[in-house]
Amino acid sequence: MDNFTFYSPTYFVFGRDTEKETGRYVKRFGGTKVLIHYGGGSAVRSGLIDRIKASLDAAGVAHVELGGVKPNPRSGLVYKGIELCKKEGVDFVLAVGGGSVIDSSKGICIGACYDGDFWDFYKSDRFVEKALPVGTVLTIPAAGSEGSPDSVVTHEDGMLKRAAHGEPLRPAFSILNPELTFTLPAYQTACGATDIMAHVFERYFTNTPEVEVSDRLCEALLLTMIKETPRVIEDPCNYEARANIIWAGTVAHNDICGVGHAQDWASHSIEHELSAQYDCAHGAGLAVIFPAWMKYVYKHDTDRFVRFAVNVWGCKKNGTDPEKTALEGIACVERFFRSIGMPTSFAEIGAKEEDIPKMAKKCFDEINGDTTIGNFVKLGEKEVADIYRLALNN
Ligand code: NZQ
Ligand code: ZN
């Protein structure tokens, strides 16, 4: 196991009706004037925004609001939010929604404390050192941004989808009420589940030996997702299954299962070009990319893929032909994604073969001159293009 530090200071508030406590938590973490930031309407339609405003009013916390965040959030609304915060003297941003709303909020938090362009932190590996505090009320388990020190935004100039990182981006608090996820359509539920599993894959496929705690945590999270996702697709109001998924989503990405070993993240970079280019859901893009990535890299460490097949998917170990077991595991991943309604090929998300060279090149734009992505297997532009081609015909 490698040396590591682990600091995950978000205060998690879990369970029924917890959003009614929002005002109290904003106050506790120093907010006196709040920007309520939300998406395209689901949180308004469900009455959640009204409940949150009532809670802020009851706690005596002033607020302004800015809705309209789109999935794969864009820079334009972030700039608007920054201006609003500066004009109104906002000292706390409250994200009500999923990863897109939270990441847009984090972009606003960066820009509100910075004289330059907030995008400076997305186009370089410069860590964010100062930002307004952000709190979240999560409505979709997926991105894990409610506990992560990351924000992913797409700049409209060039449609570059890039991430910023830094400890100030970890939310001060996150409210996780599984009931708020009952209204999620099956497709969004499945996209979220895929993203959660992908966050585990990015950590599980590592070259660092002897990381049994992380390996076991990863396997437990994957087994949970395999059990609970079909249950909530069948019965969207199943509280216990929704509860397990929302907590799995947070644990999968606050890095508790990622410490002490190298992580990969190539598939996320490869996917981000798909969602930037075609505006598909991030989870759907991952369902297309991950089986292709696995087929491309499994020979690098067949034993790890055998362990994955046996411990996660219940495949029987073939003593004489480990490669067969490894491939069976990968086939299980693909079958599972299909069974929950995810696409697994390029055509299903409207992706085109002729865009492959452009996307493979763009993968390396504005990433500080690095010529490879990933760690398990380092991938250059050619290898990324090969993986896109494999995904054509999954
Ligand atoms: O906009 P509204 O109307 O709210 O609808 C949303 C949106 O259309 C809907 N939705 C959310 N909660 C709902 C609901 N509909 C009904 N009932 C509810 N309770 O779901 C749709 C998708 O929402 P979005 O926030 O886009 O989903 P997700 O949480 O998957 O976020 C995706 C974004 O997060 C980024 C992705 O790249 C993508 O841009 N990621 C962020 C990460 C991070 N910050 O750590 C890591 C991830 O790997 C990921 O890259
Ligand atoms: Zn993700």
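Order of listing sets the numbers, starting from 1, for every ligand and every atom in it.
At a heavy-atom cutoff of 4.0 Å, ligand 1 is contacted by the side chain of K161 but not by its backbone. For H199, every heavy-atom contact with ligand 1 shorter than 4.0 Å involves the side chain, none the backbone. Counting heavy atoms closer than 4.0 Å to ligand 1, residue T154 contributes nothing at all. Contacts between S148 and ligand 1, counted as non-hydrogen atom pairs separated by less than 4.0 Å, involve the side chain only. With a heavy-atom cut-off of 4.0 Å, P71 touches ligand 1 through backbone and side chain alike.
Heavy-atom separations between C191 and ligand 1 are all 4.0 Å or longer. Ligand 1 lies within reach of H272, whose nearest heavy atom is under 4.0 Å from it. P73 counts as a contact of ligand 1, since one of its heavy atoms falls under 4.0 Å from the ligand.
Near G39, meaning under 4.0 Å from one of its heavy atoms, ligand 1 places the atoms 1 (O). Taking every non-hydrogen atom of L180 and a distance limit under 4.0 Å, the qualifying atoms of ligand 1 come out as 19 (N). Distances below 4.0 Å separate heavy atoms of Q188 from the following atoms of ligand 1: 20 (O), 21 (C), 22 (C). Which parts of ligand 1 touch T183 is read off a 4.0 Å heavy-atom cut-off, strictly below it: atoms 16 (C), 17 (N), 18 (C), 19 (N). Atoms of ligand 1 lying under 4.0 Å from at least one heavy atom of N72, given by number and element, are 38 (C), 39 (O). Per-residue contacts place D150 under 4.0 angstrom from the following atoms of ligand 1 (heavy atoms of the residue considered): 44 (N), 45 (O). Remark: ligand 1 atoms within the under-4.0 Å shell around heavy atoms of H268 are 48 (O).
Considering only non-hydrogen protein atoms, atom 35 (C) of ligand 1 sits nearest to D103 OD2, 3.8 Å. Here the heavy atom of the protein found nearest to atom 29 (O) of ligand 1 is G99 N, 2.7 Å. Nearest protein heavy-atom neighbour of atom 4 (O) of ligand 1: S42 OG, 2.7 Å. For atom 12 (N) of ligand 1, the closest non-hydrogen atom of the protein is T139 OG1, 2.8 Å. In this structure, atom 40 (N) of ligand 1 lies nearest to the protein heavy atom A143 CB, 3.7 Å.
Using cut-offs of 30° and 60° on the angle between ring planes, the pair F308 and Y204 is tilted.
Taking the six-membered ring wherever Trp is involved, the centroid distance between the rings of W293 and F201 does not fall below 6.0 Å. Ring to ring, F290 and F337 are not that close: their centroids are 6.0 angstrom or more apart.
Side-chain contact, D370 with T372: no donor N or O sits under 3.5 Å from an acceptor N or O. Side-chain contact, H253 with D195: no donor N or O sits under 3.5 Å from an acceptor N or O. In summary, the side chains of D91 and T32 do present a donor paired with an acceptor at a separation below 3.5 Å, with no hydrogens or angles considered. There is a side-chain donor-acceptor pair under 3.5 Å between E65 and Y38. S145 and D103 share a side-chain donor-acceptor pair at under 3.5 Å. For the 3.5 Å distance criterion, the side chains of D255 and Q263 qualify, holding a donor opposite an acceptor. Between the side chains of E156 and S75, at least one donor N or O sits under 3.5 Å from an acceptor N or O. No hydrogens or angles considered: a donor-acceptor pair under 3.5 Å links the side chains of D150 and H165. Remark: the E146 side chain and the T136 side chain contain no N/O donor-acceptor pair separated by less than 3.5 Å. Using modelled atom types, one finds a donor on one side chain and an acceptor on the other under 3.5 Å when comparing D57 with H63. Looking only at atom types and distance, the side chain of R242 has a donor-acceptor partner in the side chain of T189 under 3.5 Å away.
Between G41 and ligand 1, a contact under 3.5 Å exists for at least one N or O pair. Note: no N/O pair closer than 3.5 Å links A142 and ligand 1 by distance alone. Between G40 and ligand 1, an N or O atom pair is found at a separation short of 3.5 Å. Some N or O of H253 is nearer than 3.5 Å to an N or O of ligand 1, by distance alone.
Here E83 does not pair with K80 in a salt bridge; the nearest charged N to carboxylate O distance is not below 4.0 Å.
Of all N/O/S atoms in D195, OD1 sits nearest the Zn ion (ligand 2).
Side chain of S100 to backbone of N72: a donor-acceptor contact under 3.5 angstrom is found.
S339 OG to I226 CD1: the interatomic distance, rounded to the nearest 0.5 Å, is 9.5 Å.
Within a 4.0 Å radius of atom 6 (C) of ligand 1, the protein contributes no non-hydrogen atoms. Checking atom 22 (C) of ligand 1 against the protein gives a heavy-atom contact under 4.0 Å.
Among the atoms of H253, no N, O or S atom falls under 2.8 Å of the Zn ion (ligand 2).
Atom 10 (N) of ligand 1 has its nearest heavy-atom neighbour, among L48, L184, V152, in L184. For atom 32 (C) of ligand 1, the choice among S100, S275, P236 with the nearest heavy atom turns out to be S100.
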